[in-house]
Amino acid sequence: IAWECCRGLEYAHAQGVIHCDLTPSNVMVTFTGITKILDFGVAHSMARGAKADRLKGKFSYIAPERVKSLATDCRTDIYSLGVMLYLVFTGQLPFTANSDAELLRKIVKTRPRPPGELAPVDPRIERLILRAMQPNPAKRYQNVGEVRAELTPCLEGQLGAYGQHDVASFVCRLFETPETDAVVRELPQIPPPPRFATGESEVSTRTPPPGWAPSAVVDEIEIEDSSS
C-alpha cells in the first residue's frame with residue numbers, strides 16, 4: 001500500500017502538485033487491492049511558488065518546515081508519508097498534545113521515539129520512517145522515488161512477499177465480502193498530463209458545475225499567513 005502511495009505521489013509531484021494533506025483518511029484501498037490517494041482539496045501548486053499561502057491540513061501529519069515558514073515541496077509529502085507509516089507500524093502517532101499550539105511546538109522542537117521502542121518493527125522500516133521524518137528537509141529523502149526504491153526490497157525476504165492479490169484478499173476479509181466477488185485486475189496505466197491550449201493557465205478558472213460544493217473536511221484547521 002505504501003509503495004503504491006509513492007507511485008501516486010510521484011505522478012502528482014511530476015505535475016508540480018504537492019498534496020499537503022496526506023493522511024490515512026485520504027488513502028483508499030479498493031476491493032481489487034488497488035491503492036488510491038484522495039482529496040487534493042488543499043493541494044499546493046509549485047507554479048505558485050515554494051511557499052503555500054496558508055497552513056492547511058491535519059496538524060499531526062504536517063512537516064516542521066511548513067509550520068515554521070510555510071515552505072512546501074515534495075519533501076513535505078514525504079514527511080507526511082513517514083508519519084503514516086509510523087502510525088501503521090506502532091499503532092500511535094509520533095506526536096500528541098492537548099492543544100494545537102503544543103502539538104505544533106512538539107513537531108518543530110522534538111524528535112519522535114524510534115518506532116522499535118513501541119512495537120516490533122523491522123530495522124529497514126524503522127530507518128525508512130525516521131529518515132522520512134527528519135526535521136531538516138535536506139536530510140530526508142529528496143523525492144518519492146527514493147522512498148519507493150527503499151520500500152521495494154521490503155516487499156520480499158523477511159517481511160514476506162505481498163502483492164495486489166494479498167491486499168484484495170485482506171480487504172475482502174475485513175469487510176466480510178466473498179473473495180470470489182473481487183476480480184483483481186492489472187493496475188491501469190497512468191494517464192499523460194493534460195495538454196493546455198496556448199495561453200491557458202495551468203490553474204483552472206472555469207466556473208464549477210451547478211450544485212458543486214467543496215467537501216467538508218472534519219478535522220481541517222487553517223492558520224492564515226500573517227504576511228498575507
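Nothing fancy with the numbering, it's 1 onward along the sequence.
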Engineer: Please report the interatomic distance NZ(K68) to CG(L55), rounded to the nearest 0.5 Å.
Structural biologist: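 It comes to 13.0 Å.
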Engineer: Answer whether the closest heavy-atom distance between the side chains of I1 and F170 falls below 4.5 Å.
Structural biologist: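 SC-SC contact between I1 and F170 ruled out.
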Engineer: First locate atom CZ of F95, then atom CZ of R105, and finally report the distance between them rounded to the nearest 0.5 Å.
Structural biologist: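 Here the rounded value is 10.0 Å.
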Engineer: With distance as the sole test, does E10 use its side chain to make a donor-acceptor pair with the main-chain N or O of V144 at under 3.5 Å?
Structural biologist: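 No; zero donor-acceptor contacts below 3.5 Å.
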Engineer: Rounded to the nearest 0.5 Å, what separation is found between the NE2 atom of H44 and the CG atom of L70?
Structural biologist: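 CG of L70 is found 9.5 Å from NE2 of H44.
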Engineer: What's the shortest heavy-atom distance between V42 and C20, and which atoms?
Structural biologist: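 So the two residues come closest at O-CB, 3.6 Å.
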Engineer: Quick one: list whatever passes ring-ring contact (aromatic ring centres under 6.0 Å, His included) with H19, sequence neighbours left out.
Structural biologist: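 If we apply the ring-ring contact (aromatic ring centres under 6.0 Å, His included) test to H19, skipping adjacent residues, the hits are F40.
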Engineer: Set out, in order, the CA-CA distance, both residues' side-chain angles and the distance that settles side-chain contact (heavy atoms from CB on, under 4.5 Å) for T152 and E150, then state yes or no.
Structural biologist: CA-CA 6 Å; T152 301; E150 287 282 296; over 6 Å; no
Engineer: Using the side chain to side chain contact (heavy atoms under 4.5 Å, CB included) criterion, which residues pair with L118? Sequence neighbours excluded.
Structural biologist: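 Side chain to side chain contact (heavy atoms under 4.5 Å, CB included) list for L118, sorted by chain: Y86, T90, Q92, R113.
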Engineer: Share the residues that join I18 in a hydrophobic cluster, the rule being Ile, Leu, Val, Met, Phe, Trp or Tyr side chains under 4.5 Å apart at the heavy-atom level.
Structural biologist: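 So far as hydrophobic clustering goes, I18 is joined with M46.
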Engineer: Any idea which heavy atoms bring P94 and V83 closest together, and the distance?
Structural biologist: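 Looking at all heavy atoms of both residues, the shortest contact is CD-CG1, 3.8 Å.
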Engineer: With sequence neighbours excluded, tell me which residues meet side chain to side chain donor-acceptor pair (under 3.5 Å) with R131.
Structural biologist: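 Not a single residue meets the side chain to side chain donor-acceptor pair (under 3.5 Å) criterion with R131.
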Engineer: Test side-chain contact (heavy atoms from CB on, under 4.5 Å) on I37 and L22; report intermediate values, then the result.
Structural biologist: CA-CA 8 Å; I37 299 175; L22 187 65; 4.1 Å; yes
Engineer: Rounded to the nearest 0.5 Å, how far does CD1 of I129 lie from CG of L81?
Structural biologist: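 If I round to the nearest 0.5 Å, the distance is 9.0 Å.
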Engineer: Can you name the nearest heavy-atom pair linking R127 to Y141, along with the distance?
Structural biologist: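 Heavy atoms of R127 and Y141 come nearest at O-OH, 4.4 Å.
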Engineer: How far does CH2 of W3 sit from CZ of R7, to the nearest 0.5 angstrom?
Structural biologist: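 W3 atom CH2 to R7 atom CZ measures 5.0 Å (nearest 0.5 Å).
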Engineer: Can you run down the salt bridge (charged side-chain N to carboxylate O under 4.0 Å, His left out) pairs that involve residues 76-93, sequence neighbours left out, and say none if there aren't any?
Structural biologist: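 Every candidate salt bridge (charged side-chain N to carboxylate O under 4.0 Å, His left out) pair involving residues 76-93 fails, so no pair, neighbours aside, qualifies.
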Engineer: Crowded around N98 CG? As in, over 12 foreign heavy atoms under 6.0 Å?
Structural biologist: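 For N98, atom CG is not crowded (no more than 12 foreign heavy atoms under 6.0 Å).
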Engineer: Between Y79 and P64, is any pair of side-chain heavy atoms under 4.5 Å apart?
Structural biologist: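 The answer is yes; the side chains approach within 4.5 Å.
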Engineer: Could you tell me whether K58 and D21 have a side-chain N and a carboxylate O separated by less than 4.0 Å?
Structural biologist: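 Salt bridge present between K58 and D21.
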Engineer: Inspect the surroundings of NZ in K51 and state if more than 12 heavy atoms from other residues, nucleotides or ligands are less than 6.0 Å away.
Structural biologist: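 Open.
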Engineer: Side chain to side chain donor-acceptor pair (under 3.5 Å) with R111: which residues, sequence neighbours excluded?
Structural biologist: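 By the side chain to side chain donor-acceptor pair (under 3.5 Å) rule, R111 matches no residue at all.
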Engineer: Write down the atom of T35, the atom of C5, and the distance for their closest heavy-atom approach.
Structural biologist: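 Shortest heavy-atom separation between T35 and C5 comes out as CG2-SG, 3.9 Å.
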Engineer: With sequence neighbours left out, what residues match D73 under side chain to side chain donor-acceptor pair (under 3.5 Å)?
Structural biologist: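 Partners of D73 under the side chain to side chain donor-acceptor pair (under 3.5 Å) test: R75.
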Engineer: Tell me whether Q142 contacts the main-chain N or O of A138 through its side chain, where contact means a donor paired with an acceptor under 3.5 Å.
Structural biologist: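 A pair under 3.5 Å: yes.
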Engineer: Can you check whether V121's main-chain N or O pairs, donor with acceptor, with E126's side chain at less than 3.5 Å?
Structural biologist: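 Not a single qualifying donor-acceptor pair exists.
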Engineer: Who passes side chain to side chain donor-acceptor pair (under 3.5 Å) against E65, sequence neighbours left out?
Structural biologist: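 Side chain to side chain donor-acceptor pair (under 3.5 Å) list for E65, sorted by chain: R140.
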Engineer: Restricting to side chain to side chain contact (heavy atoms under 4.5 Å, CB included), what partner residues turn up for V67, sequence neighbours left out?
Structural biologist: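 Once residues adjacent in sequence are excluded, the partners of V67 under the side chain to side chain contact (heavy atoms under 4.5 Å, CB included) criterion are I62, L104, V108.
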Engineer: Quick one: does T76's side chain have a donor or acceptor within less than 3.5 Å of a partner on T72's backbone?
Structural biologist: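 No, the answer is negative, given that no donor and acceptor are paired below the 3.5 Å cut-off.
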Engineer: State which residues pass side chain to side chain contact (heavy atoms under 4.5 Å, CB included) with T96; sequence neighbours excluded, sorted by chain then number.
Structural biologist: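 Per chain and number, T96 pairs via side chain to side chain contact (heavy atoms under 4.5 Å, CB included) with L93.
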Engineer: Please enumerate all residues that pass side chain to side chain contact (heavy atoms under 4.5 Å, CB included) together with V88, with sequence neighbours excluded.
Structural biologist: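 Listed in chain order: nothing, the list is empty.
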Engineer: Mind checking the CE-OG spacing from M133 to S80? Nearest 0.5 Å is all I need.
Structural biologist: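 Atom-to-atom, M133:CE and S80:OG are 9.5 Å apart.
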Engineer: Indicate the atoms forming the closest heavy-atom contact of P24 with M84, along with that distance.
Structural biologist: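 Distance-wise, the nearest heavy atoms are CD-CG, 3.8 Å.
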Engineer: Stepwise, does the side-chain contact (heavy atoms from CB on, under 4.5 Å) test hold for F31 with V167?
Structural biologist: CA-CA 8 Å; F31 283 100; V167 175; over 6 Å; no
